[in-house]
Protein chains: 2
Amino acid sequence: MENCTIARAMEILGERWTLVVLREVFNGVRRFDDMRVRTGIPRQVLTNRLAMLVEQGVLRREPYREPGSRLRHEYRLTGKGLDLWPVLVAVLGWGDRYLADPEGSPLAVTHRDCGAEVRAALRCAEGHEVTDPRDVLPRPGPGARRRV
Amino acid sequence: MENCTIARAMEILGERWTLVVLREVFNGVRRFDDMRVRTGIPRQVLTNRLAMLVEQGVLRREPYREPGSRLRHEYRLTGKGLDLWPVLVAVLGWGDRYLADPEGSPLAVTHRDCGAEVRAALRCAEGHEVTDPRDVLPRPGPGARRRV
DNA sequence: AGGCTAGGTCTGATTGACAGACTCAGCAAC
DNA sequence: GTTGCTGAGTCTGTCAATCAGACCTAGCCT
């Protein structure tokens, strides 16, 4: 199972703080210190995570300069990073359902056009909505290798 | 941001092997040694992950006995665990898109009824499909605490 | 010149991952 | 009835990662 894409994805996403960092970036927080203060991630870890995410092409480091301030860098999502929205929304949905405080989730995601709440849903290529997880069948894909 | 549900979820899901274990369970692999051989996870780590997942209520440990064999235990998904399908499918989709070998993904998920491929999609409560990640607006939710 | 600020580095203690060897219960074959 | 096998672990030692806290640095402001 060395070519398992879930394992590979988790090597990037599974580093305990990675998704928290990404949530901040999706939220519009792009600066090192803002992230640090808002999340409480240790500096060193944040430095490492950001560097890793840049190296993986999920974020890119962009110079910017505010008037009266020196040149700095901010972190922005690449296309690869933007495509993580469904992952983030799915995790958020699950967390909200099972791990939220009684008063509810601290974060909501809404549709720009209509303002309604956005959730992650499963649907098949034929357009059917999949509601029961038991209706999903895992099967070997094209890149599957036969185990002995 | 101590009540952030993403951080809480990642405390469970973010342990580098957790989703790989869950993928196996979703795949129908329920036994310790099968998982170990298929994934290459070190015994100790697998023991810890399984215990943690049971403690968190994602898996439950069920006794079973095969004829001519002694009593053993297998690991099965709880409702809380089954609800992780969207997360897993979202991660799988992302991994397939950006991290797969040229020959493709080793795992496909299909709809039981029609056999078509299942993917994670974003949609809002009004029923709109959300295709562009930029159409999603993050906002403070009911449980948000004002930062000073 | 001195202080402030964003974005880091350096250091040392604690925790986690990992490999490899060992354990242990029950069945089975000799 | 002892030997061996198998599934599901535990024990041990090494090496890497996390974390907290102090330190550093470039450029701006006073």
Side-chain angles (χ1 to χ4, degrees), chain A residues 1-2 4 6-8 10-22 24-25 28-56 59-76 147-148, chain B residues 1-2 4 6-8 10-22 24-25 28-56 59-76 147-148:
Chain A
M1 275 300 180
E2 350 64 49
C4 166
I6 290 188
R8 287 188 193 169
M10 288 317 286
E11 215 138 320
I12 299 175
L13 307 178
E15 297 256 15
R16 246 304 267 347
W17 291 111
T18 304
L19 277 211
V20 176
V21 169
L22 287 176
E24 291 302 317
V25 181
V29 178
R30 305 203 177 91
R31 264 111 102 160
F32 188 91
D33 234 50
D34 290 346
M35 294 185 202
R36 198 180 59 77
V37 170
R38 289 171 55 93
T39 61
I41 305 175
R43 289 159 172 288
Q44 185 113 287
V45 177
L46 183 55
T47 305
N48 293 351
R49 276 312 145 272
L50 288 171
M52 186 269 282
L53 287 170
V54 168
E55 191 189 336
Q56 294 292 335
L59 297 180
R60 68 199 136 90
R61 201 153 172 275
E62 292 226 324
Y64 74 99
R65 119 170 289 151
E66 274 179 357
S69 202
R70 78 176 196 277
L71 185 77
R72 300 190 182 292
H73 296 270
E74 63 180 6
Y75 297 89
R76 291 174 149 274
R147 291 189 316 111
V148 195
Chain B
M1 275 299 176
E2 350 63 51
C4 166
I6 291 188
R8 287 188 193 168
M10 288 317 287
E11 217 139 317
I12 299 175
L13 306 177
E15 296 257 12
R16 247 299 267 349
W17 291 113
T18 305
L19 277 210
V20 175
V21 169
L22 287 176
E24 292 301 316
V25 181
V29 178
R30 305 206 177 87
R31 264 111 103 161
F32 187 92
D33 235 51
D34 290 346
M35 294 186 203
R36 199 180 57 77
V37 170
R38 290 171 55 94
T39 60
I41 304 176
R43 291 161 171 288
Q44 187 111 286
V45 178
L46 183 54
T47 304
N48 293 352
R49 277 311 148 272
L50 289 172
M52 186 270 283
L53 287 170
V54 168
E55 190 189 336
Q56 294 291 335
L59 298 180
R60 68 200 134 90
R61 199 154 172 275
E62 290 227 324
Y64 74 98
R65 123 169 286 153
E66 274 179 357
S69 203
R70 81 175 192 279
L71 186 77
R72 299 190 183 294
H73 296 270
E74 63 181 7
Y75 297 88
R76 292 174 149 275
R147 290 188 317 112
V148 194

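Proteins get letters first, then strands, A, B, ... in listed order; numbering begins at 1 in each.
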Which of A/Arg30, A/Glu74, A/Arg76 passes side-chain contact (heavy atoms from CB on, under 4.5 Å) with A/Tyr64? Answer is A/Glu74

May I have the distance from A/Glu74 (atom CD) to C/dA6 (atom C1'), rounded to whole angstrom?
13 Å

Taking CZ from A/Arg31 and P from C/dA6, how many angstroms apart are they, rounded to a whole number?
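So the CZ-P distance, A/Arg31 to C/dA6, works out to 9 Å.
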
May I ask you to decide if B/Ile12's main-chain N or O and B/Thr18's side chain share a donor-acceptor pair within less than 3.5 Å?
yes

Heavy-atom distance under 4.5 Å between the side chains of A/Leu22 and B/Ile6, does that happen here?
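A/Leu22 vs B/Ile6: side chains apart.
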
Side-chain contact test, heavy atoms from C-beta onward, threshold under 4.5 Å: evaluate it for A/Glu24 versus A/Thr39 and give yes or no.
yes

[atom1]/[X] to [atom2]/[Y] distance, rounded to the nearest 0.5 angstrom?
{"X": "B/Phe32", "Y": "B/Arg43", "atom1": "CZ", "atom2": "CZ", "value": "6.0 Å"}
{"X": "B/Glu11", "Y": "B/Gln56", "atom1": "CD", "atom2": "CD", "value": "8.5 Å"}
{"X": "A/Leu50", "Y": "A/His73", "atom1": "CG", "atom2": "NE2", "value": "12.5 Å"}
{"X": "A/Glu15", "Y": "A/Met10", "atom1": "CD", "atom2": "CE", "value": "9.5 Å"}

Please find the earliest and latest nucleotides of DNA chain D, in the 5' to 3' direction, that have an atom within less than 4.0 Å of any heavy atom of chain A.
D/dT18 to D/dC29

Would you check if there is a donor-acceptor pair between the side chains of B/Tyr75 and B/Arg60 at a distance under 3.5 Å?
no

For A/Ile41 and A/Arg36, which heavy atoms make the closest approach, and how far apart are they?
O-CG, 3.4 Å

Which protein N or O atoms sit under 3.5 Å from an N or O of nucleotides 23-25 of chain C?
residue : atom : partner : partner atom : Å
C/dA25  : N3   : B/Arg70 : NH1          : 3.3

Once base and sugar-phosphate atoms are separated, protein heavy atoms under 4.0 Å mark nucleotides 11-21 of chain C, 5' to 3', with B, S and - as B-----SBS-B

